[in-house]
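Some notes on the structure that comes next.
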Amino acid sequence: MHETGAAPPDGRRERTQERPVLAADNVVQRFGGIAAVDGVSLSIGRGEIVGLIGPNGAGKTTMFNLLAGAMSPTAGRVLIGGEAVEASPAHRRITLGLGRTFQIPKPFPNMSLVENVMLGRQNQAGERILPNWIMPGRVAREEKETYDKAMALLDFVTLTHLARQPAKVLSGGQRKLLELARVLMADPSIILLDEPAAGVNPSLLEVIIDRIVEINRRGTTFLIIEHNMDMIARLCSHVFVMATGKLLCEGTPEAVAADPRVIEAYLGGGHLL
């Protein structure tokens with residue numbers, strides 16, 4: 001048994017019946033006459049690490065973008081902490097605690113790592129012209145706090161030694177770690193991770209997995225789109241499987257990997273894990 005709210009060592013938790021931190025209710029997204037997402041409902045509980053998997057063309061990325069606010073659904077609802085946000089843009093969802101990363105991170109290449117991370121902080125007084133004139137002390141204090149926090153996050157993702165280097169020097173895996181640090185600057189309660197293992201060498205992937213587990217232990221919820229099934233099996237307590245725009249099934253990683261419908265969708269037979 002684990003303490004209430006504490007994650008097991010591998011980051012996996014049992015599902016709870018409390019109000020989900022993020023949910024989709026019968027979401028549809030049409031492009032012309034084609035339904036890329038067709039009536040998908042899912043819910044994610046506070047403190048979970050949940051996976052979203054499926055073969056290429058399943059509609060995962062579209063669903064991810066609908067949850068993140070990159071697009072609005074044709075029909076259905078998206079809720080963050082019970083608040084309907086399907087018509088809200090991504091920046092509004094950040095204020096409600098939802099952050100996201102991208103499959104291909106695109107940091108500002110000529111800015112230093114610490115500068116890139118500092119950009120993730122929300123609602124700084126110095127972002128507006130007037131406070132710089134009438135309350136320079138507050139602006140200076142916030143800038144110092146932002147810098148210190150950015151450096152602490154770079155240390156957390158093992159990139160301190162590169163803090164003042166331009167982001168263009170980073171490898172693919174290091175860019176994923178930088179993006180994770182940047183999203184953490186906004187203090188999200190839930191993070192959507194878009195293929196964190198893609199293009200990452202095995203040693204850095206272990207760092208990414210370790211950091212996800214540690215962030216989750218501190219209370220942050222995750223939804224992960226990923227093709228690396230070993231990573232999904234290690235991290236996720238619950239997995240949603242999409243195929244041809246629909247929710248095919250859901251359950252534990254072991255259960256969905258053994259489901260004949262999932263095996264057929266991926267491989268036309270054989271073993272998934």
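The structure places CD of Gln103 at 8.5 Å from CD1 of Ile225, a figure rounded to the nearest 0.5 Å. Atom CZ of Arg19 sits about 8.0 Å away from atom CZ of Arg46, to the nearest 0.5 Å. We find the CG-CZ distance between Asp194 and Phe64 to be 5.0 Å, quoted to the nearest 0.5 Å. Distance check, rounded to the nearest 0.5 Å: CG of Leu177 to CG of Leu159 gives 5.5 Å. In this structure, the separation between CG on Asp38 and OG1 on Thr244 is 8.0 Å, given to the nearest 0.5 Å.
The main-chain N or O of Asn216 is never found under 3.5 Å from a side-chain atom of Thr220 such that the two would form a donor-acceptor pair. Checked by atom type and distance alone, the side chain of Asn116 pairs as donor or acceptor with a backbone atom of Phe108 at under 3.5 Å. Within the 3.5 Å criterion, the main-chain N or O of Ser88 finds a donor-acceptor partner in the side chain of Arg93. A donor-acceptor distance shorter than 3.5 angstrom exists from the side chain of Tyr266 to the backbone of Gly54, with no hydrogens or angles considered. In this structure a side-chain-to-backbone donor-acceptor pair under 3.5 Å is present from Thr221 to Gly47. Between the side chain of Ser41 and the backbone N or O of Asn26 there is at least one donor-acceptor pair closer than 3.5 Å. Checked by atom type and distance alone, the side chain of Glu48 pairs as donor or acceptor with a backbone atom of Gly45 at under 3.5 Å.
No side-chain heavy atom of Val40 sits less than 4.5 Å from a side-chain heavy atom of Phe240. Under the 4.5 Å side-chain criterion, counting only non-hydrogen atoms from C-beta, Leu193 is in contact with Phe222. Side-chain contact between His227 and Asn56 is present, with at least one heavy-atom pair separated by less than 4.5 Å. In this structure the side chain of Val50 never reaches within 4.5 angstrom of the side chain of Ile224, judged on heavy atoms. The closest side-chain heavy-atom distance from Val213 to Leu235 is below 4.5 Å. A heavy-atom distance below 4.5 Å is not found between the side chains of Val28 and Val37. Counting only heavy atoms from C-beta outward, the side chains of Ile215 and Leu180 approach each other to under 4.5 Å.
Taken together through direct or relayed side-chain contacts under 4.5 Å among Ile, Leu, Val, Met, Phe, Trp and Tyr, Leu96 and Leu192 form part of one hydrophobic cluster. Leu184 and Phe102 fall into different hydrophobic clusters, where Ile, Leu, Val, Met, Phe, Trp and Tyr are joined by side-chain heavy atoms under 4.5 Å apart, directly or via other members. Leu113 and Tyr147 fall within the same hydrophobic cluster, where Ile, Leu, Val, Met, Phe, Trp and Tyr residues are linked whenever their side-chain heavy atoms come under 4.5 Å apart, directly or through other members. Linking ILVMFWY residues whenever their side-chain heavy atoms come closer than 4.5 Å, directly or via other members, leaves Ile34 and Leu248 in distinct clusters. The same ILVMFWY cluster, assembled from side-chain heavy atoms under 4.5 Å apart, contains both Met151 and Leu170.
Here the options are Lys60, Gln29, Arg100, the test is side chain to side chain donor-acceptor pair (under 3.5 Å), and the partner is Asn65; only Arg100 passes.
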- Query: Could you walk me through whether Thr146 and Glu143 pass the side-chain hydrogen bond (donor to acceptor under 3.5 Å, both in side chains) check?
  - Reply: CA-CA 5 Å; Thr146 299; Glu143 287 181 351; over 6 Å; no

- Task: Give the C-alpha distance, both sets of side-chain angles, the deciding distance and a yes or no for side-chain hydrogen bond (donor to acceptor under 3.5 Å, both in side chains) between Asp155 and Thr160.
- Result: CA-CA 5 Å; Asp155 182 61; Thr160 304; 3.3 Å; yes

- Item | Full working for side-chain contact (heavy atoms from CB on, under 4.5 Å) between Leu22 and Leu98 | CA-CA 9 Å; Leu22 177 66; Leu98 187 145; 3.8 Å; yes

- Test side-chain contact (heavy atoms from CB on, under 4.5 Å) applied to Met111 and Leu119, step by step: CA-CA 11 Å; Met111 293 176 66; Leu119 289 173; 3.7 Å; yes

- Verify side-chain contact (heavy atoms from CB on, under 4.5 Å) between Val117 and Leu154, making sure each step is shown before the conclusion. CA-CA 8 Å; Val117 176; Leu154 285 172; 3.8 Å; yes

- Would Leu153 and Met185 satisfy side-chain contact (heavy atoms from CB on, under 4.5 Å), going step by step from the backbone distance to the final call? CA-CA 8 Å; Leu153 287 170; Met185 278 295 292; 3.5 Å; yes

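Ser43 and Pro20 get closest at one heavy-atom pair: CB-CB, 3.8 Å. Looking at every heavy atom in both residues, Ser112 comes nearest to Ala163 through CB-O, 3.6 Å. The shortest heavy-atom contact between Gly51 and Cys236 is N-SG, 3.4 Å. The two residues Pro109 and Pro166 make their nearest non-hydrogen contact at O-CB, 3.4 Å. Contact record, Val114 with Ala150: CG2-CB, 3.8 Å, taken as the closest heavy-atom pair. Here the closest heavy-atom approach between residue Gly251 and residue Val256 is recorded as N-CG1, 3.6 Å.
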Enumerate, atom names and distances included, each donor-acceptor pair closer than 3.5 Å involving a side-chain atom of residues 196-212, sequence neighbours excluded.
residue	atom	partner	partner atom	Å
Asn201	OD1	Ser203	N	3.1
Asn201	OD1	Ser203	OG	2.7
Asn201	OD1	Leu204	N	2.9
Glu206	OE1	Arg234	NH2	3.1
Glu206	OE2	Arg234	NH1	2.8
Arg211	NH1	Phe156	O	3.1

Identify every side-chain donor-acceptor pair in residues 70-85 under 3.5 Å, counting partners at least two apart or on other chains, and give the distances.
residue	atom	partner	partner atom	Å
Ser72	OG	Glu86	O	3.3
Thr74	OG1	Arg30	N	2.9
Glu83	OE2	Arg92	NH2	2.8

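With respect to Asp187 and Lys149, a salt bridge is recorded, a charged nitrogen being found less than 4.0 Å from a carboxylate O.
Using modelled atom types, one finds a donor on one side chain and an acceptor on the other under 3.5 Å when comparing His238 with Glu250.
Listed by first and then second residue, the salt bridge (Lys or Arg N to Asp or Glu O under 4.0 Å) pairs that reach into residues 170-182 come to none, sequence neighbours excluded.
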